[in-house]
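First the proteins, then the strands, lettered A, B, ... as listed; each starts at 1. Given the structure is predicted, the values throughout are model-derived calculations rather than measurements.
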There are 2 protein chains.
Amino acid sequence: MEANLKAEILKILGDQTRLRVAYLLAASKRSLCVCEIVDSLKLPQYQISKSLIMLRRAGLVDVDRNGTWGYYYPKTDQKTNTILFDFVKEYCIGEPFDGDLTELSKRLALRDGGRCVVGFVPEKELQKLIRKKTAAV
Amino acid sequence: MEANLKAEILKILGDQTRLRVAYLLAASKRSLCVCEIVDSLKLPQYQISKSLIMLRRAGLVDVDRNGTWGYYYPKTDQKTNTILFDFVKEYCIGEPFDGDLTELSKRLALRDGGRCVVGFVPEKELQKLIRKKTAAV
DNA sequence: ACATTGTATGCAAATATGAGCATATAGACA
DNA sequence: TGTCTATATGCTCATATTTGCATACAATGT
C-alpha cells in the first residue's frame, strides 16, 4: 500500500502502459476520464484501470468520482511528485507519447461543459462524433 | 541489449540497489571504482557488479578499465540521459542516498593521485587508513 | 425491476526478476 | 609459475509480475 521508497515509485513507471498513462496525465493539464485514457492509448480497458490503480497506490495520482465516471489527475501535494511529473513530461518524447497526446486531444473535443459525456468510442465513430459536435456549435 | 524504450530504462532504475548506484554516479561528479561503490553502499560485491552491468546494458553508464580496476561513469552523450541523471539527483533525497554519499566521500579520501589504490576496505579499517593517510600528508 | 454502461477486480498460467553463492577471469606482482 | 586481488558471471530457487479473461459492482435510465 505504502510505496514510499523512491525505487518502488520508479518501478511503477517502469512499465510501458503505466508510463504512457502517467505521461498523459502529466502532459495534459487536466483530470482525465478513464474512458478517455482508454481511447487515447487504444488498449484494453482493464489494462488502463489496473495501471491507474497502481499509480494511485503509489501515491502518484488520485481520482474524483462523478457517478460511474472517474477522473484521474496527478497528485502534486508532495514536492517529489512534482519533480517526478516534470521529469516525465520532459523525458517522454517521441512515440508513443506524442501519438497518445494527439489521440487525447481528439477525444477531449467530445467533452461537453468540460465533462466527459461519452464512454468508449471506437476509432471510426470518433470522427463522426467530432463532426456532429462541431456542426452543432 | 538495446533498451531504448523509456519504460525499460525506468524499470532498471526501479530497483533499490541500482537506483543507489545510479545516484552515487550522478551525484558525485567523477568516475567511481567498483570497490568504492561496494564500500559506499555496503552491499555484496556481486550485487554492485550486476547492477552496474545492467545500468551499462541500458546505456546509462559506461566504464573505463585500468587493469583490474573498473571506473564507471554516467553516459551523458544523449540528452535523455542528462535529463534522467538530473532528475535522479534531484529526486533521490534523504536516506539511503545521503548516507551513501557520505560513505563515498570517506572512501574517496583514500585515493592517491585521483586513483583508487585500495580494494575492499571493511568499515573498521577505513578509519585507520584515513588517519594514516592524512598523517602522511 | 431490468438492462445498460463505466469501471474495478479476482483468478490462473506464463514469464520475469532478485538474492545468494560459488566460481571464473584476468591483471599485478612475488 | 603461483598467488593475490578486482571484477564478472553462471546457476538455482523463491518470489514477483504480467496478461488476458470473465465477471463483479455501482450508477443511470427505461
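- Proximity of a side-chain donor or acceptor of A/Ser40 to a complementary backbone N or O of A/Glu36 within less than 3.5 Å is detected.
- Atoms CG (A/Leu5) and C1' (D/dA16) sit 16 Å apart, rounded to a whole Å.
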- Item | Worked check of salt bridge (Lys or Arg N to Asp or Glu O under 4.0 Å) between B/Glu103 and B/Lys106 | CA-CA 5 Å; B/Glu103 288 306 312; B/Lys106 286 198 248 166; 3.2 Å; yes
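- Look at CZ on A/Arg107: it is 11 Å from C1' on C/dG6, rounded to the nearest Å.
- The two atoms that bring B/Ala58 and B/Ile12 nearest to each other are CB-CG1, 4.0 Å, heavy atoms only.
- Residues of residues 24-49 of chain A having a heavy atom closer than 4.0 Å to DNA chain C, listed by number: A/Cys33, A/Val34, A/Cys35, A/Gln45, A/Tyr46, A/Ser49.
- Rounded to 10 degrees, the angle separating the terminal axes of the helix from C/dA1-D/dT30 to C/dA30-D/dT1 is 10°, with each axis obtained from five end pairs.
- For the pair A/Met54 and A/Thr68, both in contact range of DNA chain D, the more 5′-proximal nearest nucleotide belongs to A/Met54.
- Shown here for A/Arg107 and A/Cys116, the closest heavy-atom pair between the two residues is NH2-SG, 3.4 Å.
- Atom C1' of nucleotide D/dA16 and atom CZ of A/Arg57 are separated by 15 Å, given to the nearest angstrom.
- In this structure, the CG atom of A/Leu19 is 13 Å from the P atom of D/dT18, given to the nearest Å.
- Checked against D/dA8, D/dA6, C/dA8, the side chain of A/Arg65 finds its nearest nucleotide in C/dA8.
- Comparing A/Lys50 and A/Lys11 against DNA chain C, the residue whose closest nucleotide sits nearer the 5' end is A/Lys50.
- Put simply, CZ on B/Arg18 is 15 Å from P on C/dA16, counting in whole angstrom units.
- Between the CH2 atom of B/Trp69 and the P atom of D/dC4 there is a distance of 16 Å, given to the nearest Å.
- The main-chain N or O of A/Arg18 is found under 3.5 Å from a side-chain atom of A/Asp15 such that the two form a donor-acceptor pair.
- When atom types are taken as modelled, the side chain of B/Glu95 and the backbone of B/Gly99 share a donor-acceptor pair closer than 3.5 angstrom.
- Residue-level contact check: A/Arg56 touches neither bases nor backbone, having no heavy atom under 4.0 Å from any strand.
- Both B/Leu52 and B/Leu108 sit in one connected hydrophobic cluster of ILVMFWY residues. Membership requires side-chain heavy atoms under 4.5 Å apart, directly or through other members.
- Rounded to whole Å, the distance from CG on B/Leu52 to P on C/dG18 is 15 Å.
- The CG-P distance, from A/Asn66 to D/dT28, rounds to 8 Å in whole Å.
- Residues A/Arg56 and A/Tyr72 share a closest heavy-atom pair of CD-CE2, 4.0 Å.
- Hydrophobic clustering (side-chain heavy atoms under 4.5 Å, transitive across Ile, Leu, Val, Met, Phe, Trp, Tyr) keeps A/Leu110 apart from A/Leu41.
- Among the protein residues, A/Tyr72 comes within range of the sugar-phosphate backbone only, with heavy atoms under 4.0 Å from sugar or phosphate atoms but none that close to a base.
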